[in-house]
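First the structure, which I've put down as structure tokens, then a few questions once you've had a look.
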Amino acid sequence: MDKYNHKKIEQKWQKYWEKEKLYKTKDISTSSGQNKPKYYVLDMFPYPSGEGLHVGHPKGYIATDILARMKMMQGYNVLHPMGWDAFGLPAENYAIKNKIHPRKAVEKNIKKFKSQLEKIGFTYDWSREINTTDPEFYKITQWMFLQMFKKGLAYESNEPVNWCPSCKTVLANEDLENGKCERCGSKIEKKPLRQWVLKITDYADKLLKGLDDLDWEDSIKEMQGNWIGKSVGATVKFQVISKNKNVLKNNSMSEYGQNLSRNSAELTRNYAEPQTTKSELLYENLTYKIRGIIFNVKKNIGLGHKESVYHNALKIEFAKHGLFFESEKQIDIKYEGKKIGTYQPDFVIENKVLIELKALPKIGRQQLNQAWTYLKGSDYKLAFLVNFGTADLEIKRMIYDIARNQNNNSAESAFSLRESATSLEVFTTRPDTLFGCTYMVVSPEHELIKKLSKFCHSELDSESQKNKNKIPDQVRDDALPIRNLEEVEKYIKKAKNKSDLERTDLAKEKTGVELKGIKAINPVNNEEIPIWVADYVLASYGTGAIMSVPAHDKRDFEFAKKYNLPIKQVTRSSEKKCLIIHGSPKKDMSRDSDYVPENIKHWLGWLKNELDKKGYKIHNPQMPMPWKPDYNKWKRQIKKINIDENTTIVGHSAGGAFAVRWLSENKKKIDKLILVAAGLQKEEGNERLHKLYDFKIDKKIRNRVNDIIIFVSNDRDYRVQNSKIYSKELNGRLMYLENRKHFTIKDNPANKEFPELLDEILRQDLKEAFTGDGVNINSGFLDGLKTAEAKNKITEWLEKNKIGKKAINYKLRDWVFSRQRYWGEPIPIIHCKKCGAVAVPEKYLPVKLPEVKNYKPTGTGESPLANIKNWVNVKCPKCGGPAKRETNTMPQWAGSSWYYLAYLIRKQEAKNKKQEYILNKKKINHWMPVDFYVGGAEHATRHLIYARFWHKFLYDIKVVGSKEPFKKLKHVGLILAEDGRKMSKRWGNVINPEDIVKKYGADNLRVYEMFMGPFSQPVEWNTNGLIGTRRFLEKVYKLRMKANNKANGTNANEQLEILLHQTIKKVTEDIESFDFNTAISQLMILTNTMEKEKTISITSYRLLIILLSPFAPHTAEELWEKLGNKKSIFLQPWPKHNPEFIKEKEIELVIQINGKVRDKIKVSADISENEAKKIALESEKIKKWTKGEKIKKIIFVKDRLVNIAI
RNA sequence: GCCGCGGUGGUGAAAUGGUAUACACGAGGGACUUAAAAUCCCUUGGAUGAAUAAUCCGUGCGAGUUCGAGUCUCGCCCGCGGCACCA
């Protein structure tokens, strides 16, 4: 008998497969390619690193190979290609270190990888091999980039980006791990550098929605969903006002000031639209509206006042309404491109609007004419606060002209003060907590600060110095919106110097500075709330500012605690409940009842009311409380209410006693215990009840209750007794109901003892922020609404009042697409001084990566390519002028974003027809989408997001016809080293697949890796385990001796026949679902069973080999040949199970008593229910159990069991 | 902190709400052998027990639903992975 010699077998069949071109995918132009349905199985192509493969790498490839082989045998035209993702840092770093061109290193590595892969016996169609560094390949990458550029999806940005100081390049958000470089672990710095950025955020929603239709593992979808990070909420605009409490109060202020003050009061009342009359159109229309308030200077102030006072007064008045102006802004007046003078308007708002206080500027008329002619053509909008009383008529006309020319509609549209009024917009996912917003925080980079500090500075620099004598100090001070500007600026400077990692370090305590002098107005309650600047607020998310709700946000809570800011709870857990237990002999105590003493009745009513107001859900069950209190009955009532840590129990009289008893019996925790009238008047036969009051609140109960309060009735004996017991322990929370007059709240509202005490124990002293959903409280019109309802209602309200609107935010950032490194695709852009960034015309693609002497990154934010003068300097394709090439290269993820399309074309074809990769829609539409994609989970938020984005773009420009590239996806679980760590050269724990193949065989490696455990789960490598699968293969090999030609057709053993068909079914299904471990175990069971037979039919042995062939292709081919077959086993059709054969004829009927197995009886599979039950009951063993028992129920489960409930 | 996944023999692990521990490794015993390796056979969750009689316990912990729970529900504990001042 021949021995199983894996070396011989493997070499033989690998050669055969190559010679026969067995795995060459049929081109769709051929008839064999057309007739078969397609199946595209794809592996994530590897980065050919210098280290070579370790045993973890092929795991995914083995799986796809098994699938590909089965699909082939099932009659599909299978595409199973392989290629190389060869651009990237490691090759470049290797090149720098060893002074070898990265291309050479890559070539070498690919060779090694390929030979390692070939030894495992894969079905790859190497005629379609691709390489991202091939100019023919990256030509298309560049072409696709240009399409994005043309659509505005690729743009240049100067925003601060992630800079890795060690790799000397910028990185995308996806390339970071905990604020560190994913590759080298260096801390990332934020640097403002010019970068190419892809607008992936435009596709955020599509990327998120697309996930729904994908047959991917939930974990991967989850990760992508998180990464995209959609948050639904609202934006809210808060008005910002300057607090100038002392303005104009001073008696020493000029009469004009007083005048103004009075007027402003008047103005705030006047909400009417401006009156317009035809003749006065100009100036009437140019009266100023501030948030609807008309500010008519002409009428109320008039001309001729001292300008500085007027100027300042006006400024303050504006500031009160949130309008901050720059004064002393100089504007260059140009005439035919030359500066001819400067012009200084009285106010400038946000570099957009110029305001003149009067129509008599300090410059001459001619100059004015020039100035305004110039300004007419500029971006500025002009506005005038004019008194025309003494104005030069000609100037008047001029103004009129300007106004008419620049504002076709009205002055207001040109100069909408409403627009420029200072406000602070925030994004929040919890608009429902708006009532609880007690302060606001802006990020250090926020516009508001820039704007206000500019305003302040202009004041400090010029106005205050020049006019020191003219302006009263107070006015000057009050005119500055930020009074502690210095402190604020110092803080901002410090924050900017921190690295991103420092800023986002969670362990770090939050810091911040209040912007003194300004306040925001909470739009729902008009409360003035402070504005802070703090670096825990990110400039990059939302609007860079937040509304702070410390009661319901952990971070805000922390901050508020530190800086002693108010915390206002507006949502409470809907779980909070109160159970009122009445011990009254008569029904409901809170209702009218003759029996209940007035004081208690009022008291309970009030208590219930208070608890209700605080948001407690009141349970007020009707107790079956008779004259003879029944504890058990009572307990049953209580059971319906789930008493937990959120429950407050109010126990009244006997109810209180029960509550205490219940607490001592049940080890449950509750929130608060309030005992009312714990002690009764001795009247009407209360003796029995009195006995109940001998309860004790011991330590155990105390520990399970957060707080206890007891009110004792006016019964002297019990009062004394109770006070002895509890007054010390309860810190005085023991109150006496001395007489009804005193304690009836209604009668004596001045009595504060009860309410105060109650307040004390019910106060929601938040120990931490409550971030969950619940019910709104202290929220005006939102009170009582559940979180979701409150969200809707407030959003509606915000929209109606134009304060805010529904908004969606994404965590996903645009993709920083340039790297300052050598080994990547050059970005095909030319920078021209005249024309800006110009696309390289398509006919000049590819822009080949030039040879360079030194690959070292420059570290200056430019790539090494910048040093190649004759490559960089080119003519502008648009104007022919001198221009420079873009020297940044693309990131590693560029090529992998579309490589799966490149496989659809054979290499030869691609070379012949220059653009076939992208133009052959027929092939793309035939093969796409990828049917099954396998790779590492680490790509979930990188490659897989980029590729989907890229594909969706290609869909939009009609290059591809499918919306998603990868229909089905499975991720490979890592193979860890035997020490439990990742396999790495660093740890010296790498196991090379070549060694395993040599020693144990390729098939053995394949079967073992699939048998180790669930495919997607990480497992530790265990070389000892290989012996099991090796034995299995040898068993199958040896089993050939038992395969008997004579025993054709079916087996003598019927059971074996059943097992065979069960195996066909299981293996087929398990391959499809990637449950290879159970498929193999099933094959082992079949083999073990066959081995026990003396002879087996040749048909069944054949089937076994076919089922095994995808897993162990070399062994299967060898055995197949040994059985006398001439053609490859992989040309055999995949077997189908016969459903008839699967059914067992005889089954083991399990008989249970109360779910426990008591007997097993062999019966025919088609036994009827009644028969089965009868047999079960007749069993001796069962009789033993059922004797003397009443049978309640008998359950029959077909093919399985009978369960007798007794 | 949030989101997701998991916790079953000595180990890797099976198990549509229906016989828990399939399959494999390891271990123990036996056969063959001068011996070893290889191979084959038997045993292998725990307790009581002479027992391959029987009973009880047993899938991280505690409750619940059910005739019946590893599986479903609720509350914890632990481990892994992802995200993380994301408002």
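Just so it is clear: chains get the letters A, B, ... in the order the sequence lines come, proteins before strands, and each one is counted from 1.
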Spacing of the P atoms in B:U71 and B:U59 (rounded, Å)
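Roughly 9 Å separates the two P atoms.
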Which atom pairs, donor and acceptor, lie under 3.5 Å between side-chain atoms of residues 1189-1206 of chain A and protein residues at least two apart or in another chain?
{"from": "A:Asn1203", "atom 1": "OD1", "to": "A:Asn1154", "atom 2": "N", "distance (Å)": "3.3"}
{"from": "A:Asn1203", "atom 1": "OD1", "to": "A:Gly1155", "atom 2": "N", "distance (Å)": "2.9"}

For A:Val533 and A:Pro444, the nearest pair of non-hydrogen atoms, with its separation, is CG2-CA, 3.7 Å
A:Glu174 side chain to A:Trp815 side chain, donor-acceptor N/O pair below 3.5 angstrom:
no
key: Secondary-structure stems, RNA chain B, at least 3 Watson-Crick or G-U base pairs under 3.5 Å   =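 The stems that RNA chain B takes part in, listed by first number, are B:1-7 with B:77-83, B:10-12 with B:23-25, B:26-31 with B:39-44, B:45-48 with B:54-57, B:60-64 with B:72-76.
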Item checked: Spacing between A:Asp1199 atom CG and B:U19 atom P, to the nearest angstrom ->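 Answer to the nearest Å: 13 Å.
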Given protein heavy atoms under 4.0 Å, the one-letter contact record of nucleotides 23-28 of chain B, with B base, S sugar-phosphate only and - none, is simply BSSS--
* To do: Could you work out the separation of B:U55 and B:C74 based on their P atoms and round it to a whole Å?
  =>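 The same atom, P, in both gives a distance of 37 Å.
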So, does the side chain of A:Arg1158 form a donor-acceptor pair with the base of B:U19 at under 3.5 Å?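 In this structure, the two groups form no donor-acceptor pair.
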Between the CH2 atom in A:Trp227 and the CZ atom in A:Arg942, the distance rounded to the nearest 0.5 Å is 7.5 Å
In terms of heavy-atom contacts, A:Pro550 and A:Ala560 come closest through CB-CB, 3.5 Å
I want to verify a distance call: between B:A54, B:A87, B:U19, whose nearest atom is closest to the A:Val537 side chain?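 Looking only at heavy atoms from C-beta outward on A:Val537, the closest nucleotide is B:A87.
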What side-chain donor-acceptor pairs closer than 3.5 Å can you find for residues 1157-1165 of chain A, not counting sequence neighbours?
{"from": "A:Asp1159", "atom 1": "OD2", "to": "A:Ser1179", "atom 2": "OG", "distance (Å)": "2.7"}
{"from": "A:Ser1164", "atom 1": "OG", "to": "A:Asp1166", "atom 2": "N", "distance (Å)": "3.3"}
{"from": "A:Ser1164", "atom 1": "OG", "to": "A:Asp1166", "atom 2": "OD1", "distance (Å)": "2.4"}

Query raised in the report: Does a donor on one side chain sit under 3.5 Å from an acceptor on the other, for A:His1137 and A:Gln1062?
Result: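 No - no donor-acceptor pair under 3.5 Å links their side chains.
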Side chains of A:Glu217 and A:Ser1016 only: does a donor on one sit below 3.5 Å from an acceptor on the other? yes
What does the list of N/O pairs under 3.5 Å between the protein and nucleotides 66-75 of chain B look like, with a distance for each?
{"from": "B:C67", "atom 1": "OP1", "to": "A:Lys1193", "atom 2": "NZ", "distance (Å)": "3.2"}
{"from": "B:C67", "atom 1": "O2", "to": "A:Asn1203", "atom 2": "ND2", "distance (Å)": "2.4"}

Worksheet item: Distance only, no hydrogens: is a donor on one side chain within 3.5 Å (strictly under) of an acceptor on the other, for A:Ser231 and A:Asn809?
Response: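 The answer is no; no qualifying pair exists.
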**Asked** B:U33 and B:A27: how far apart are their P atoms, nearest whole angstrom?
**Response** 24 Å
Between CG of A:Asp553 and P of B:A84 the distance, given in whole Å, is 17 Å
Ranking A:Val1157 and A:Met547 by the position along RNA chain B of their nearest nucleotide, the one closer to 5' is A:Val1157
Distance between P atoms of B:C25 and B:G18 (Å, rounded):
29 Å
### Query
Using atom C1' of each nucleotide, how far apart are B:G70 and B:G45 to the nearest Å?
15 Å
Taken to the nearest whole Å, CZ/A:Arg1030 to C1'/B:A37 is 15 Å
- A:Ile975 CD1 - B:G12 C1' separation (whole Å):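 Checked: the CD1 to C1' distance equals 12 Å.
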**Request:** Inspect the surroundings of NZ in A:Lys1183 and state if more than 12 heavy atoms from other residues, nucleotides or ligands are less than 6.0 Å away.
**Result:** yes
Scan nucleotides 1-10 of chain B against the protein and return all N/O pairs shorter than 3.5 Å with their distances rounded to 0.1 Å.
{"from": "B:C3", "atom 1": "O2'", "to": "A:Glu222", "atom 2": "OE2", "distance (Å)": "3.0"}

Task: In B:G9, glycosidic geometry as syn within 90° of 0 or anti otherwise - done: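 B:G9: syn.
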Using the P atoms only, state how far B:A51 lies from B:C5, rounded to an integer number of Å.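 46 Å, rounded to whole Å.
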When A:Tyr1000, A:Phe1111, A:Trp1021, A:Phe1076 are each screened for ring-ring contact (aromatic ring centres under 6.0 Å, His included) with A:Tyr1008, the one that passes is A:Trp1021
Would you say A:Gln224 reaches B:C83's phosphate, i.e. side-chain N/O to OP1/OP2 under 4.0 Å?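 Checking B:C83 against A:Gln224, no side-chain N or O comes under 4.0 Å of OP1 or OP2.
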(message) Please give the distance between the P atoms of B:G12 and B:G7 as a whole number of Å.
(response) 12 Å
>> How many whole angstroms separate atom NZ of A:Lys1065 from atom P of B:U16?
In response: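 To the nearest whole Å, that distance equals 12 Å.
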Can you check the distance between B:U52 and B:U44, where both ends of the measurement are the P atom (answer in whole Å)? 9 Å
When rounded to whole Å, the OH to C1' distance for the pair A:Tyr541 and B:C86 reads 5 Å
